[in-house]
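Below: the structure, in structure tokens.
In what follows, every heavy atom counts, from backbone to side chain, and hydrogens, waters and symmetry copies are set aside.
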Amino acid sequence: QVQLVESGGGLVQAGGSLRLSCVASGRTFSSIAFAWFRQVTGKEREFVAAIAKNAAFTYYADSMKGRFTISRDNAKNTVYLQMNSLKPEDTAVYYCAAVETYWSSSYYSGPLEYDYWGQGTQVTVSS
């Protein structure tokens, strides 16, 4: 089992920045690949970014490229999502997801690939 706890959400004006954190426990952190997803009520969960066990391997949804950065700190068992140049359409509940992988370069963009989820943190961007 992996437990995930997100934090860092809040209210920010358009053009502002937020950094989300996801602390993982229960498994060896370095054996886990992570992703961030987001969801607006009534819509499907949307992929945001993913990072493999090897932090050199990251992947972003097209609309987040250049604005969002995913990173991991194995010493702190924490995954981050730095969000810059935020837009009102970025408003959503953001979820951290995790899966144990064999290959160090593996990452996934589909929610069904992930076994563990956090409770979510609300991000609201005002215009």
Under the 4.5 Å side-chain heavy-atom rule for ILVMFWY, direct or indirect, which residues accompany [X]?
X: Val99; result: Phe37, Phe47, Phe57, Tyr59, Val93, Tyr95, Tyr107, Tyr108, Tyr114, Trp117
X: Val79; result: Val2, Leu4, Val12, Leu18, Leu20, Phe29, Ile32, Phe34, Trp36, Val48, Ile51, Tyr60, Met64, Phe68, Ile70, Leu81, Met83, Leu86, Tyr94, Tyr116, Val123, Val125
X: Tyr102; result: Trp103

[X] versus [Y], closest heavy-atom pair with distance:
X: Glu6; Y: Cys96; result: OE2-N, 2.7 Å
X: Ser17; Y: Ser85; result: OG-N, 4.4 Å
X: Ser106; Y: Ala33; result: O-CB, 3.7 Å
X: Gln3; Y: Gly26; result: OE1-CA, 3.8 Å
X: Ser104; Y: Ala52; result: O-CB, 3.2 Å

Determine whether a donor-acceptor pair (N or O, by modelled atom type, separation under 3.5 Å) exists between the side chain of [X] and the backbone of [Y].
X: Lys53; Y: Thr101; value: yes
X: Gln119; Y: Val5; value: no
X: Thr121; Y: Gly9; value: yes
X: Glu100; Y: Ser31; value: no

Does Val40 reach the side chain of Arg38, with side-chain heavy atoms less than 4.5 Å apart?
no
Test item: Asn84 and Gln82 side chains (from C-beta on) under 4.5 Å apart, heavy atoms
yes
Arg72 CZ to Thr58 OG1 distance, which is reported to the nearest 0.5 Å
11.5 Å
Hey, is Lys87 close enough to Asp90 for a salt bridge, meaning N to O under 4.0 Å?
no
How about Gln39 and Arg45: does a side-chain donor come under 3.5 Å of a side-chain acceptor?
yes
